[in-house]
Amino acid sequence: MTTQTALPVLPDLGAVLMGERAALLENTSGGKVFINGQLAYVWAAGQDGLRRLAASQLVDTGAAQVNEVAAAFGVNTESLRRWRKSLEGTGLMGLAPVKKEPKRPSLLTEAKAAEIRAVRAGGASLRATAEATGVSTDTVRRAMAMTTTAETPTTDAAHDSLVPLEAAEQPALPAPFSRTAERAAAGLIEGASPVFAPAAHVRHAGLFLAFPALESTGLISCAKEVYGALPNGFYGLETILIDSVLRALAGESRAEGATRFDPVELGRVLGLDRAPEVKTIRRRISQLAETGKAGELIAALAKHHLSGTGPGGDDLAAILYVDGHVRAYQGTKKIGKIYSTRLKFPVPATEETWVTDAHGSPVFVVMAAPGASLAAELRDLLPELRTAVGDDRRVLVGFDRGGWSPALFKHMDASGFDVLTWRKGVTEDITDDLFKEVTHTDDHGQTRKWSVADTLVDLPLATTKTSGEVFTIRQISRVVGTTGGGTRQIHILTTDRTMSAGEVVYRMGNRWRQENQFRYARMHFDLDSHDSYTSTGDDEERMMPNPAKAKAYQKVVAARNAHAEAAAIAETNLMALKTPAEGSTELAVTVTSAMHNQAMAPLWEAETALIAAEKAHKAIPAKLRLGELNPGQQVLDTETKLIHTGIRMAAYNTAMTIAREIRTNTGYRRASQEAHALMRQIFNQTGDIDTTKPGVLTISLDPLPTKAKTAAVTQLCEHLNSTQTRYPGTELILHYKIKNNA
């Protein structure tokens, strides 16, 4: 089941959501806070004490988290902590703004600034300059940004060399370049080319940092290879794809999300006067869907993804994980039901089979056939995986128990794929003397230890039980704890005989990265959205399992249990008849036919019921035509969905690449815990666009709330600058920097 989106009306009024319960609506006349849609706090303009009270009590009552409230009220978490502490200590009076006393004279006089610049010009570092002149490093930065009339060179070249870019005033959000002529000629051009105008305080400037990572996904190049181009129009193929990816990174993956952006503001990032709106996006995606090449796009993206190596030099094509994903449907169409492990019951849904690499990044996806098992999908997917890998090397494929099939394991082994999965069903425990300690060191240098038993087991092939043919496979066993305080053994199966036992355990546990990818994409990239509700009739000649067969079998099971109970009772009754009464001198008891029949009657009755149940079960066909079981069943259109899925895959991989760069190429201490949060904050950062340097598009981002984050983004910008990425469709090299960064 799904829940209604919280506060569906307030965001349209310009309110800022704080979690799922609270929202802040603020303008020049004051502000209001709503909790669960009800007005809770109100203040007028200038009533800062009441505003701080509302922010403090939102956290104290648990209506919203600290970071959510701080972001909505435009302060950092430390300021919010001080407000709460003042409220706790001195009450409402402690929140009243305190009038500041006159500032002391500034140390940064013209003479001091000249002294600082002279020391700095000699090659001294920031810290050395600060110590030599008796000021802080921040004062050194301000001094270096200052220019005086006497020091300003007369030539433009010298001026450009001394005055930092951020010191030159950019126009604050000027009107974009007019594209009237191109719009008038939309039917004659393949698409409008990006043209950028200098501008300050561009709302979505942080999205420019996504382009180096977006280029590495190959989305644009693969789409051009598959589709060529869209029909002539103002918004070309590149623009539609870039717009979709950027919106996804900003938190609005669906086409309807375009309504939550100012088209002029987003257009500045696209190099256009306006970004495409919902109707245009749907029409252009529909034109791509009409070609029927979405599967080719996904295959091209997979081949591009697997053609290189991972960030650590590891081969992404050597290890793949496969799993199915159920996407529930809430509409009115008659869609077949599928059991959802997340929702814990069958729901109308469609199912996809996803392939991810060793890092959990999506590589490939196909729409699963209705009612198909993961084992059947795996068998059909192998040729496409081989094409994506591009050569005949052996590839380790990990999956869960849904793909259990010894016959499939044998087929995969013969096809050049190694199996990695959990053993299914009850099996005998491995003796304790076979267990030994093994270790494995992961990509981050962390070493793990396990106690495992490495053995070989024979699995009977389901299709040849009568002949006794088996498939021999490697089994890695572990002892794990249970919720009751005991222990049990779990078993991993693999056809790879060369991989160390420690790495086998690590790679099997790594399959959870795919589950994490589903969860993250569902939260941030609308993975479960359908994007298109167009449907066609299902194949009514398709054979489906007969539900009546399963119900009849349940009756057989119940009859067998009743027969076993009746047999035990009958045996007890017969023993009682044949046993002399206590104290009797008779050596034998005569049992008449009537007595025997009476004792056996319940058993005969149960046997008759069992025979009838088995006969009824046998008479019911195992499969029926879909038209007989569920006439009029529909299947949802997959072409449009696959195109959006390819875009979301590129957006997800872009985001993961930036988060990985934050962890590996910056000195941010909390990168392992906050890389993804910082990445999303960067994408929503404001900044300036500068086009004064020929052939370069300079993006100057505003500093982040903390020095640590600003320093991390500075290092990230330096790393991204080394890629020399060109803005798609132009010859402009993207150059990134942070304002006021000496």
Side-chain angles (χ1 to χ4, degrees), residues 1-5 226-227 240 244 248 252-257 278-279 281-299 301 322-343 345-355 362 364-374 376-377 380-381 384 402 518 521-522 525-545 625-649 651-652:
M1 297 177 66
T2 58
T3 57
Q4 183 178 355
T5 304
V226 173
Y227 294 106
I240 292 297
S244 298
E252 295 293 345
S253 298
R254 303 181 64 189
E256 293 83 350
V278 177
K279 186 176 180 180
I281 296 169
R282 287 177 173 166
R283 184 179 71 252
R284 299 301 260 176
I285 295 294
S286 296
Q287 290 171 343
L288 292 178
E290 289 171 1
T291 65
K293 296 181 178 180
E296 295 180 32
L297 174 63
I298 299 296
L301 288 172
V322 181
D323 197 10
H325 176 72
V326 175
R327 192 172 70 253
Y329 171 76
Q330 296 85 24
T332 58
K333 296 182 185 295
K334 195 174 184 180
I335 305 297
K337 290 187 176 182
I338 302 174
Y339 182 81
S340 171
T341 55
R342 185 169 64 90
L343 300 177
F345 57 85
V347 292
T350 58
E351 189 170 16
E352 304 157 344
T353 302
W354 284 76
V355 180
F364 197 84
V365 61
V366 295
M367 305 302 297
S373 65
L374 180 59
E377 286 296 305
D380 294 339
L381 193 61
E384 298 183 64
F518 289 152
R522 192 165 52 243
F525 294 100
D526 294 323
L527 177 64
D528 286 345
S529 66
H530 288 276
D531 298 304
S532 172
Y533 291 91
T534 304
S535 64
T536 57
D538 204 343
D539 180 12
E540 296 198 347
E541 298 300 318
R542 180 163 56 87
M543 302 303 292
M544 295 287 294
R625 292 174 53 254
L626 176 63
E628 298 178 32
L629 287 175
N630 198 6
Q633 181 169 299
Q634 301 283 299
V635 290
L636 293 174
D637 167 62
T638 61
E639 195 71 18
T640 301
K641 175 59 185 175
L642 279 178
I643 294 173
H644 282 283
T645 298
I647 293 171
R648 289 189 176 96
M649 287 169 56
Y652 179 91

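Heads up: numbering here begins at 1 and tracks the sequence. Please read all numbers here as calculations on a predicted model, not as lab measurements. These numbers come from the heavy atoms of this one structure, side chains and all, not from hydrogens, waters or symmetry mates.
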So [Y] and [X], do their side chains get closer than 4.5 Å, heavy atoms only?
X      : Y      : value
Arg625 : Met543 : yes
Ser340 : Phe345 : no
Met367 : Leu642 : yes
Leu381 : Thr353 : yes
Trp354 : Leu527 : yes

Residues two or more places apart in sequence or in another chain: which of them pass side chain to side chain donor-acceptor pair (under 3.5 Å) with Arg282?
->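 Side chain to side chain donor-acceptor pair (under 3.5 Å) check on Arg282 returns Glu256.
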
In terms of side-chain geometry, is the basic nitrogen of Glu351 or Arg327 positioned less than 4.0 Å from the acidic oxygen of its partner?
-> no

Under a 4.0 Å N-O cut-off, is there an ion pair linking Asp528 with Arg342?
-> yes

Got a sec: does the NZ of Lys337 have more than 12 other heavy atoms crowding it under 6.0 Å?
->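 Counting neighbours around NZ of Lys337, 12 or fewer heavy atoms of other residues, nucleotides or ligands fall under 6.0 Å, so no.
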
State, without any angle test, whether Arg648 and Ser529 hold a side-chain donor-acceptor pair at a distance under 3.5 Å.
->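 Yes, a side-chain donor-acceptor pair sits under 3.5 Å.
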
Residues pairing under side chain to side chain donor-acceptor pair (under 3.5 Å) where one sits in residues 631-642, two or more places apart or in two chains, turn out to be Asp531-Lys641, Ser535-Gln634, Asp538-Gln633, Asn630-Gln633, Asp637-Thr640

Parallel, tilted or perpendicular, as decided by the 30° and 60° cut-offs, for the rings of His325 and Phe518 =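 Tilted.
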
